[in-house]
Amino acid sequence: MATVDIGTIVSLCKRRGFIFPASEIYGGLGSTWDYGPLGVELKNNVKRAWWKAVVYDRDDIEGMDGAILMNRLVWKYSGHEATFSDPLADCRECKGRFRADKAYELDCPRYKRKVIECSANLTEPRAFNLMFKTQVGPVEEDAALAYLRPETAQSIFVNFKAIVDSRWRKVPFGIAQIGKAFRNEIVPGNFTFRTREFEQMEIEFFCKPGTDEDWHAHWIEERHNWYLRYGIRPENLRRYVQQPAELAHYARACTDLQYRFFPEREDAEKQWDELEGIANRTDYDLSVHSKGKQEKWRLHNEHSTQSLLYRDPVTNEKFVPYVIEPSAGADRATLAFLLDAYSEKAGADGEPRVVLKLHPALAPIKVAVLPLARNKSELVEKAKAIKSDLQRRGIRAVYDDTAAIGKLYARQDEIGTPFCVTVDYDTLGVGKAQAGEPATSPVTTALKDTVTVRDRDTWEQARIPIAGLPEFFAERLGPAL
RNA sequence: GCGGGAGUAACUCAGUGGUAGAGUCACGGCCUUCCAAGCCGUUGGUCGCGAGUUCGAAUCUCGUCUCCCGCUCCA
């Protein structure tokens, strides 16, 4: 299977209306991207597929949608105010950049020595704050400092008690959320892989201490299978178990699902990067947001008004739930599905044509209805009527007659439309008169009110009665998201 | 932030001091019975931006912005 580099996808995305550089007519803004007409459909489908899998298809997850602006104290007690601000220094000699507080122990990337040995060439440390700051209140001097949330998870933790109380939930259960998050990344890049504004799809799954390892394993399995179900090829997806030294101080374990985003890189290890992280965060999060002294984490929360201690209503047992966090990036998932769907196939003329083999549930457009020729009004009217009917039944369909049939097929292949419906003369039951032959024949009469349905991946065609189209597509497009 | 590379039409690019181009794409017309057909026509670029040198700058010089690659960061 051919692999594709991101540059090819960037070009395709712009040319066909998936993703554009943001603010482009003003020269752009670093690392911001806008989803265009097809991109928004694709990304919405990715998000709906995720929501369906984790909320609708299960009975132990609630959904929510939290505010981007939150009380600053949330970030104080979550630890972000302290850890999201790093002093960094540059080395003028080897061109490396290091955390000033760790520089002495690090190896110089260019010379065989520790960074401390070239410390005379280090620039003064500068503070890099990874959280976007803004103000709440229009008068700048009086306004309160606020941050754009750097992750969606905290919305879930601070709503834990409200959801338990309002939805009669018992642990184990989870809360799912899709939303924007913002990080002033030092080095964004690689298209939508790392951007400063991005969308997360996160679950915080609360469970009893002692059952956490089983739930962790469960979620790794669930999430891995979700990507496979929606078309990611197994050879491009792997699990990476974080080593103890890589773990956050409170995390007990973390397994990343990595996708082969960069197959063009020579170093095989660098071809892989994180698609989703599934962490066992222990009871850290609910503890730090609980009022009072938290011995285990050696901190005292003097601002929170609530204890997030959980009391099991059946056993009366009290404990702070452990949290399993499957945290996925909506933009990264969308990019992975795009990369994985890309394929090329030789056309009749031998030239390669792009076919985007998106899973039907993710495809921006499900069916394109096309007239075989556009200068025959009967073909045009019939095709438009079929398009309207399919759309009324909830199947995303478009009509197009702006080119010859071959080009129309090629265009739909390139944007991943699974099926094309073509209205021809047989559909009208009037077979075109050939020299010396009657205008109609028994064969064409039998084909009246049927259309051809062309498959994107095989380019094979089937003759289907118009009345049978909804059922035909329902079987092949799968359940609605 | 440092180093390297690059900015010319929607895309891919040519154009090294003298009237801004090609292919593709897009749009319209004619035509067309199924895989990017043909013919005709059309739209679209202050050559990233700003200075400077010059009779004259896409081209030379300086500055600046943006993007890409690499490095440092990413609970």
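Source: prediction; values computed, not measured. Note: hydrogens, waters and symmetry copies are ignored here, and every other heavy atom, side chains too, is used. Reminder, nothing fancy here: chain letters follow the sequence lines and each chain counts from 1.
For A:Asp426 and B:rC34, the CG to P distance is 11 Å, given to the nearest whole Å. The interatomic distance linking A:Asp400 (CG) with B:rC34 (P) rounds to 18 Å, in whole Å. Between A:Leu12 atom CG and B:rA10 atom P there is a gap of 18 Å when expressed in whole angstrom units.
Residues satisfying the side chain to side chain contact (heavy atoms under 4.5 Å, CB included) criterion with A:Ala404, sequence neighbours excluded, are absent altogether. Residues that satisfy the side chain to side chain contact (heavy atoms under 4.5 Å, CB included) test with A:Asn301, not counting sequence neighbours, are A:Tyr77, A:His303, A:Ser304. With sequence neighbours excluded, the residues satisfying ring pair (Phe, Tyr, Trp, His ring centres under 6.0 Å) with A:Phe262 are A:Phe193. Residues satisfying the side chain to side chain donor-acceptor pair (under 3.5 Å) criterion with A:Thr417, sequence neighbours excluded, are A:Gln412. In this structure, A:Lys133 has no salt bridge (Lys or Arg N to Asp or Glu O under 4.0 Å) partners at least two apart in sequence or on a different chain. By the salt bridge (Lys or Arg N to Asp or Glu O under 4.0 Å) test, A:Arg411 is found to be paired with A:Asp400, residues two or more places apart in sequence or in another chain being considered.
Ring geometry for A:Phe419 versus A:Phe472: interplanar angle over 60°, hence perpendicular rather than tilted (30 to 60°).
One finds no salt bridge joining A:Arg183 and A:Glu197 here, because no Lys/Arg side-chain nitrogen approaches an Asp/Glu carboxylate oxygen to under 4.0 Å.
For A:Leu130, whose side chain is taken as the heavy atoms from C-beta onward, the closest listed nucleotide among B:rC35, B:rC73, B:rC11 is B:rC73. Out of B:rC11, B:rC73, B:rC35, the shortest distance to the side chain of A:Trp459 is found at B:rC35. Of the candidates B:rC34, B:rC35, B:rA37, the closest approach to any side-chain atom of A:Arg454 belongs to B:rC35. Closest to the side chain of A:Arg374, out of B:rC31, B:rC68, B:rC35, is B:rC31. With distances taken from any side-chain atom of A:Lys376 to the nucleotides B:rC34, B:rA36, B:rU32, the minimum falls on B:rU32.
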Can you give me the N/O atom pairs linking the protein to nucleotides 24-26 of chain B at distances under 3.5 Å, or say none if there are none?
| unit_1 | atom_1 | unit_2 | atom_2 | d |
| --- | --- | --- | --- | --- |
| B:rA26 | OP1 | A:Arg411 | NE | 2.7 |
| B:rA26 | OP1 | A:Arg411 | NH2 | 2.5 |
| B:rA26 | OP2 | A:Lys407 | NZ | 3.2 |

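Between A:Arg332 and A:Lys14, the residue anchored closer to the 5' end of RNA chain B is A:Lys14, taking for each the nucleotide with the nearest heavy atom.
Here the two rings, on A:Phe205 and A:Trp219, have centers that are under 6.0 Å apart.
Distances shown here put a side-chain N or O of A:Arg353 below 4.0 Å from the OP1 or OP2 atom of B:rA36.
The separation of B:rC60 from B:rU53, taken at their C1' atoms, amounts to 8 Å, rounded to a whole angstrom. Taking atom C1' on both nucleotides, B:rG21 is separated from B:rG45 by 11 Å, rounded to a whole Å. Only the P atoms considered, B:rG15 is 26 Å distant from B:rG56, to the nearest whole Å. Of the P atoms belonging to B:rU24 and B:rU19, the separation is 25 Å, rounded to the nearest Å. Comparing the C1' positions of B:rA14 and B:rU66 gives an interatomic distance of 23 Å, to the nearest angstrom. Rounded to whole Å, the P atom of B:rC13 lies 23 Å from the corresponding atom of B:rG17.
Residues from residues 190-201 of chain A placing a heavy atom under 4.0 Å of any atom in RNA chain B, listed by number, are A:Asn190, A:Arg194.
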Which pairs of donor and acceptor atoms, one on a side chain in residues 151-158 of chain A, lie under 3.5 Å apart (sequence neighbours left out)?
| unit_1 | atom_1 | unit_2 | atom_2 | d |
| --- | --- | --- | --- | --- |
| A:Glu151 | OE2 | A:Gln154 | NE2 | 2.8 |
| A:Thr152 | OG1 | A:Gln200 | OE1 | 3.4 |
| A:Thr152 | OG1 | A:Glu202 | OE1 | 2.5 |
| A:Gln154 | OE1 | A:His289 | NE2 | 2.7 |
| A:Ser155 | OG | A:Arg149 | NH1 | 3.3 |

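Looking at A:Asn375, its side chain has no donor and acceptor atom pair within 3.5 Å of the base of B:rC31. For A:Thr452 and B:rC34, a side-chain-to-base donor-acceptor distance below 3.5 Å is present, hydrogens and geometry of angles not being considered.
Remark: B:rG18 base-pairs with B:rC55. Criterion, Watson-Crick or G-U wobble with two distances under 3.5 Å. Using the Watson-Crick or G-U wobble rule with both distances under 3.5 Å, B:rC71 pairs with B:rG1. Checking B:rG38 for Watson-Crick or G-U wobble geometry (two distances, each under 3.5 Å) identifies B:rC30 as its partner. Shown here, B:rA9 forms no base pair; nothing in the strands shown gives a Watson-Crick or G-U wobble contact with both key distances under 3.5 Å.
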(request) Would you check, one step at a time, whether the test side-chain hydrogen bond (donor to acceptor under 3.5 Å, both in side chains) holds for A:Trp297 with A:Asp283? (result) CA-CA 10 Å; A:Trp297 299 101; A:Asp283 57 359; 3.2 Å; yes
